[in-house]
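Remarks on the structure that follows.
Note: hydrogens, waters and symmetry copies are ignored here, and every other heavy atom, side chains too, is used.
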Amino acid sequence: MINIVLFGKPGAGKGTQAEFLKTKYNLIHISTGDVFRYNFKNNTALGKEAKVYSDRGELVPDSITIKMLQDEVEKHTDTAGFLFDGFPRTIAQAEALDAFLTTKDWEVTGTVALEADDEILVQRLLERGKTSGRVDDQDESKIRTRYQEYNEKTAPLMGYYKEQDKFHAVNGIGTIEEITERLSLVIEKLN
């Protein structure tokens, strides 16, 4: 069982790389965004609960997010491992993930951060925004706000995982193939 947490600011290429990694290592890719969309679309009890917060423009509480994630993991207990994308975002979520995985006699094997200069990422997102239809990728101030939130809330997780010797940084600039190769080198050392 290999459980990887994939980090990176918006535009760093997490989604693109997750597609390659899940296939290469036979992992279940769990994207927080996908899990939320599934729960909203299927009008699950947790989806209804989360929608109350999101409709008010508030962050969904950790307790709901964690429960959604646990439900998703429970659907795939016979897997070779998981690739967590967009979760955890805070130390409290990381601790909850650790506690949950421990109940299965599993653990986070390692964390990998795709690192890139903010200015390059801003340009990537603005380009993506021209074709993606995503409003949050078309406004530079919104992009920078997302980066500020990442720096304040998610970046401290790096220290949390460094203390456990489970943090690995990977250069997120280059061709898709080059970045996949860099990630693969790190992941193969974790096995």
Side-chain angles (χ1 to χ4, degrees), residues 1-35 65-66 69-70 72-73 75-125 127-128 143 146-147 149-191:
M1 169 76 55
I2 183 168
N3 296 307
I4 307 293
V5 174
L6 189 59
F7 285 115
K9 291 180 180 175
K14 294 182 305 297
T16 300
Q17 291 303 322
E19 288 303 309
F20 291 106
L21 297 175
K22 76 178 186 181
T23 302
K24 184 171 184 174
Y25 297 103
N26 195 27
L27 302 173
I28 299 295
H29 176 214
I30 296 184
S31 159
T32 310
D34 291 345
V35 171
T65 303
I66 291 161
L69 193 84
Q70 289 172 345
E72 194 63 26
V73 168
K75 294 177 189 175
H76 307 283
T77 56
D78 59 345
T79 183
F82 293 94
L83 179 62
F84 296 99
D85 170 3
F87 186 90
R89 290 184 186 244
T90 64
I91 290 175
Q93 289 180 356
E95 291 169 345
L97 178 62
D98 287 345
F100 172 67
L101 292 177
T102 298
T103 68
K104 303 275 185 206
D105 289 327
W106 301 339
E107 67 178 358
V108 170
T109 311
T111 62
V112 183
L114 287 172
E115 297 189 335
D117 180 74
D118 283 2
E119 298 312 309
I120 293 171
L121 295 180
V122 167
Q123 292 312 309
R124 269 189 198 173
L125 287 180
E127 267 314 298
R128 182 173 85 180
I143 293 169
R146 287 157 62 196
Y147 289 169
E149 183 174 317
Y150 178 90
N151 289 336
E152 290 170 3
K153 294 181 178 172
T154 305
L157 278 172
M158 295 174 192
Y160 176 82
Y161 286 114
K162 280 179 185 176
E163 286 176 15
Q164 299 176 36
D165 200 27
K166 292 182 179 181
F167 177 81
H168 309 274
V170 171
N171 180 356
I173 302 298
T175 66
I176 291 170
E177 295 78 15
E178 289 169 339
I179 298 164
T180 302
E181 182 61 27
R182 290 178 204 139
L183 286 167
S184 296
L185 290 171
V186 170
I187 291 170
E188 285 164 19
K189 289 178 187 173
L190 300 175
N191 271 335

Do [X] and [Y] come within less than 4.5 Å of each other through their side chains, counting heavy atoms only?
X	Y	answer
Tyr147	Val122	yes
Phe20	Ile176	yes
Ile179	Asn171	no
Arg128	Gln123	no
Phe7	Thr154	yes
Thr111	Ile4	no
Phe84	Leu69	yes
Glu115	Ile173	no

For [X] and [Y], does a side-chain donor sit closer than 3.5 Å to a side-chain acceptor?
X	Y	value
Thr77	Lys104	no
Asp118	Tyr150	no
Gln93	Thr65	no

At their closest point, which heavy atom of [X] faces which heavy atom of [Y], and how far apart are they?
X	Y	result
Ile66	Ala96	CD1-CB, 3.3 Å
Ala113	Met158	CB-CE, 4.4 Å
Asp85	Ala18	OD2-CB, 4.4 Å
Lys14	Leu6	O-CD2, 3.6 Å
Pro88	Val5	CD-CG1, 3.7 Å
Gly11	Leu121	O-CD2, 3.3 Å

Could you tell me whether the side chain of [X] and the main chain of [Y] form a donor-acceptor pair under 3.5 Å?
X	Y	answer
Glu178	Thr175	yes
Thr23	Glu19	yes
Asn3	Phe82	yes
Lys153	Thr90	no
Thr103	Phe100	yes
Tyr25	Gly81	no

Looking at Lys75 and Glu72, does any basic side-chain N land under 4.0 Å from a carboxylate oxygen?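 Salt bridge between Lys75 and Glu72, a charged N being under 4.0 Å from a carboxylate O: yes.
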Run the numbers on Glu188 and Lys24 for side-chain contact (heavy atoms from CB on, under 4.5 Å), then give the verdict. CA-CA 11 Å; Glu188 285 164 19; Lys24 184 171 184 174; 3.8 Å; yes
With rounding to the nearest 0.5 Å, note down the distance linking [atom1] in [X] to [atom2] in [Y].
X	Y	atom1	atom2	value
Leu101	Gln70	CG	CD	9.0 Å
Thr16	Leu114	OG1	CG	9.5 Å
Thr109	Leu190	OG1	CG	6.5 Å
Arg124	Glu119	CZ	CD	13.0 Å
Met1	Trp106	CE	CH2	4.0 Å
Lys22	Leu27	NZ	CG	10.0 Å

Tell me, yes or no, whether the heavy-atom count around Asp165 atom CG, taken from other residues, nucleotides or ligands under 6.0 Å, exceeds 12.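 No, the 6.0 Å shell around CG holds no more than 12 heavy atoms from other groups.
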Within 6.0 Å of CZ in Arg89, more than 12 heavy atoms from elsewhere: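 Atom CZ in Arg89 is not crowded, with 12 or fewer foreign heavy atoms closer than 6.0 Å.
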Full working for side-chain contact (heavy atoms from CB on, under 4.5 Å) between Leu21 and His29: CA-CA 9 Å; Leu21 297 175; His29 176 214; over 6 Å; no
Criterion side-chain contact (heavy atoms from CB on, under 4.5 Å) on Leu83 and Ile28, from CA distance to verdict: CA-CA 6 Å; Leu83 179 62; Ile28 299 295; over 6 Å; no
Do the numbers put Lys166 on top of the ring of Tyr161, so that NZ or CZ is under 6.0 Å from the six-membered ring centre and no more than 45° off the axis?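 Cation-pi check for Lys166 and Tyr161: fails.
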